[in-house]
Number of protein chains: 2
Amino acid sequence: MGDSVLKDNRPAKQGRRPNALRTAETRKALIEATIECLCEIGYSRTTTHEISRRAKITAGALQHHFGKKDELILAALDTLMAEMSLVLDRAEHVEGTTRQKIDAFVDLLWSEFYADRRYMAVWEIVIGSRGESDLHPRVAMHRHASVEKCEDVWCRAFDLPRARDDPRVKALHFALNYLRGSAMLPIVPAGNADADGMQEALKDFLVHEFARHGK
Amino acid sequence: MGDSVLKDNRPAKQGRRPNALRTAETRKALIEATIECLCEIGYSRTTTHEISRRAKITAGALQHHFGKKDELILAALDTLMAEMSLVLDRAEHVEGTTRQKIDAFVDLLWSEFYADRRYMAVWEIVIGSRGESDLHPRVAMHRHASVEKCEDVWCRAFDLPRARDDPRVKALHFALNYLRGSAMLPIVPAGNADADGMQEALKDFLVHEFARHGK
DNA sequence: ACAAATACATTTTACATGTAATGTATGTTT
DNA sequence: AAACATACATTACATGTAAAATGTATTTGT
C-alpha cells in the first residue's frame with residue numbers, strides 16, 4: 001500500500017491516525033493477548049514473545065509500551081478488575097427479598113466472574129506470580145482491593161454495617177471461598193462438575209445465615 | 001577423609017552403601033526438594049537447578065534418576081498422593097454420630113491437606129502444569145484418582161451407595177469445593193483469613209444435608 | 001518549516017533452563 | 001578377579017526469554 005504516494009496527495013486524511021489513538025489500540029491489543037495467553041496456556045508459558053505474536057504486534061512495540069513484563073501483567077489485572085467493578089456496581093441495586101438478592105448476587109458472581117474463563121487469568125496471575133518477589137505484593141494488593149469492593153457492595157445491597165465479624169459478612173466470605181474453589185474445577189478436572197447445580201445449596205446456606213442472624 | 005586408605009583396610013565396612021539404598025535416598029531428597037520449591041517459590045520458578053541445589057545433589061545425579069523434569073514433578077505428586085491416601089484410610093474408621101463423623105472428616109481434610117502448606121505443591125503442579133500438553137493430562141488423572149479415593153472413603157464412612165447423584169455425595173463435593181477455595185487463601189491474601197472459624201459453618205451445612213436427605 | 005518526541009520495527013545481548021554428552025568411582029554380577 | 005552396571009559429577013549444548021540497543025516513519029509542538 002503506497003502510503004508514501006498518498007501522503008503526498010492527502011497529508012492529513014490518509015496518514016497515520018493520532019498517536020494517542022494508536023497507543024490505546026496497541027495497549028489494548030497487548031493486554032487482551034496477555035489475558036488470552038494466561039487463560040489458555042497459563043502463567044508459565046505466557047511469554048512476551050507469545051503475547052506479541054497473538055496481538056500481532058512486534059516485541060519492540062510491546063517493549064515500548066510496557067518496558068517490563070510485570071507492567072503488562074499488572075495492566076491485564078487492572079483491566080479485569082475494572083470490568084469486575086462495573087459488574088459489581090450493578091449488583092448493588094438489585095431489589096427484592098433477601099432470597100432474591102442473594103440469588104442475584106451469587107448468580108452474578110458466578111456467571112460474570114468465577115465461571116467465566118476470562119477471569120481464569122486472574123487466578124493464573126495470582127498463583128503464577130507467587131514466586132515473583134517484585135510482582136506478587138502488587139498482585140496481592142489488587143486482590144485485597146477486589147474483595148474489599150465485593151464486601152462493600154454486599155454490605156450496601158443488604159444494608160449491613162461494615163463489620164468483619166458480622167456473620168452475614170462472614171457468610172459472604174464463605175461464599176467467596178466456595179466460589180473460588182469451584183472456579184478451580186475446570187483446571188482441576190476432578191470432582192463433581194455440576195458446580196451450577198450446587199449453587200442452590202450455597203444460596204440456601206446464605207439465606208439460612210441471614211435468617212439465623214437477624215435481618 | 002582418606003577413604004582410599006580405609007578401603008584397603010575395611011573393604012565392606014567403610015565403603016559406600018549399597019546402590020539401592022543410595023538411590024532411594026537420592027530420589028527422596030530430590031522429591032522433597034521439589035515439593036519444597038513448589039511450595040515456596042511456585043511452579044514457574046521450580047527449576048531443575050534450584051531443585052538440585054536445595055537437595056544438595058548435582059544436576060547430573062538428578063538427571064540420572066529423573067531423565068526429564070516431568071518425571072520429577074510426577075514423582076512428587078505420587079509421593080503426596082500416597083501420603084494423602086494413608087491419612088484418608090484413617091478417616092474411614094471414625095466412629096460416632098453423623099455429626100461427629102462429619103466433624104472428624106472435615107477436620108482431617110482441612111488440617112492434613114488443605115491447610116497444610118506442604119500440599120500447596122499439589123495446587124502449584126495442577127495449575128502450573130496447565131499449559132504443558134504432555135504433563136497436564138497425567139496430573140489430571142492423579143487429581144481424578146485422588147477425589148475418587150476421597151469419595152470412596154466418604155461413602156464407606158457413612159455407609160452410602162457410590163452414586164454421584166446422591167445429595168450426601170454431592171455434599172462432599174460441595175465441601176471439597178469450599179476447602180479448595182479456602183486453601184487458596186494463603187496464596188490469595190484477601191478475604192476473611194478466619195478460614196478455621198468457618199469450618200463450623202461448613203459442618204453445619206453438611207449435617208443439614210444429611211438430615212434433609214435421610215440418614 | 002523544522003526540531004523533538006513518539007510509535008513502532010529489527011537486531012543484539014545476557015542469561016536461564018532443560019537436557020545431552022562424557023568422565024569417574026564404586027557396587028553388583030559372573 | 002574381571003566385566004559389567006550404576007550412581008553420581010562435570011561439562012557442553014541448544015533453545016528460550018526478557019530486555020537492551022539501534023533504526024525508521026510519523027506525529028506533535030514550537
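Basis for what follows: all heavy atoms, side chains included, without hydrogens, waters or symmetry-related copies. Below, chains carry the letters A, B, ... as their sequence lines are ordered, and counting in each starts from 1.
Protein atom NE2 of H65(A) is 12 Å distant from nucleotide atom C1' of dA9(C), rounded to whole Å. The distance from atom CZ of F66(A) to atom P of dA7(C) is 12 Å, rounded to the nearest whole Å. Rounded to a whole Å, the CZ atom of R53(A) is 19 Å from the C1' atom of dT10(C). In this structure, R27(B) places its CZ atom 11 Å from P of dC8(D), rounding to the nearest Å. Between the CG atom of L72(A) and the P atom of dA19(D) there is a distance of 10 Å, given to the nearest Å. The CG atom of L62(A) sits 14 Å away from the P atom of dT17(D) (whole-angstrom rounding). In this structure, E50(B) atom CD and dT17(C) atom P are separated by 9 Å, rounded to whole Å. In this structure, the CD1 atom of I57(A) is 7 Å from the P atom of dC8(C), given to the nearest Å.
Remark: the backbone N or O of C39(A) is paired with a side-chain donor or acceptor of R130(B) at under 3.5 angstrom. Side-chain atoms of K69(B) come within 3.5 Å of backbone atoms of T46(B) as a donor-acceptor pair (strictly under, hydrogens ignored).
For the pair R17(B) and dG27(C), the criterion of a side-chain N or O lying under 4.0 Å from OP1 or OP2 is not met. Considering only side-chain N and O atoms, R22(B) lies nowhere under 4.0 angstrom from the phosphate OP1 or OP2 of dT6(D). T48(A) has a side-chain polar atom (N or O) that falls below the 4.0 Å cut-off from OP1 or OP2 of dA18(D). The side chain of K68(B) contributes an N or O atom lying less than 4.0 Å from OP1 or OP2 of dT19(C). H49(A) has no side-chain polar atom (N or O) that falls below the 4.0 Å cut-off from OP1 or OP2 of dA18(D). Between H64(A) and dC8(C) there is no side-chain polar atom (N or O) within less than 4.0 angstrom of OP1 or OP2. Look at T23(B) and you won't find any side-chain N or O under 4.0 angstrom from OP1 or OP2 of dT6(D).
Here the side chain of T47(B) is nearest to one of dG18(C), dC8(D), dA18(D), namely dG18(C). Listed nucleotides: dG27(C), dA9(D), dC8(C). Nearest to the side chain of A61(A): dC8(C).
Side-chain atoms of Q63(A) come within donor-acceptor range of the base of dA20(D), with a qualifying N/O pair under 3.5 Å.
T58(A) comes within contact range of at least one nucleobase, with a heavy-atom separation under 4.0 Å.
Mapping K69(B) and N19(B) onto DNA chain C via the closest heavy atom, the residue that lands nearer the 5' end is K69(B).
Checked against Y178(B) for a ring-ring contact (aromatic ring centres under 6.0 Å, His included), the options F205(A), F174(A), Y178(A) give a single hit: F174(A).
In the model, H65(A) has no side-chain atom that pairs as donor or acceptor with a side-chain atom of E71(A) under 3.5 Å.
Two rings, from Y119(B) and W123(B), have their centers 6.0 Å or more apart.
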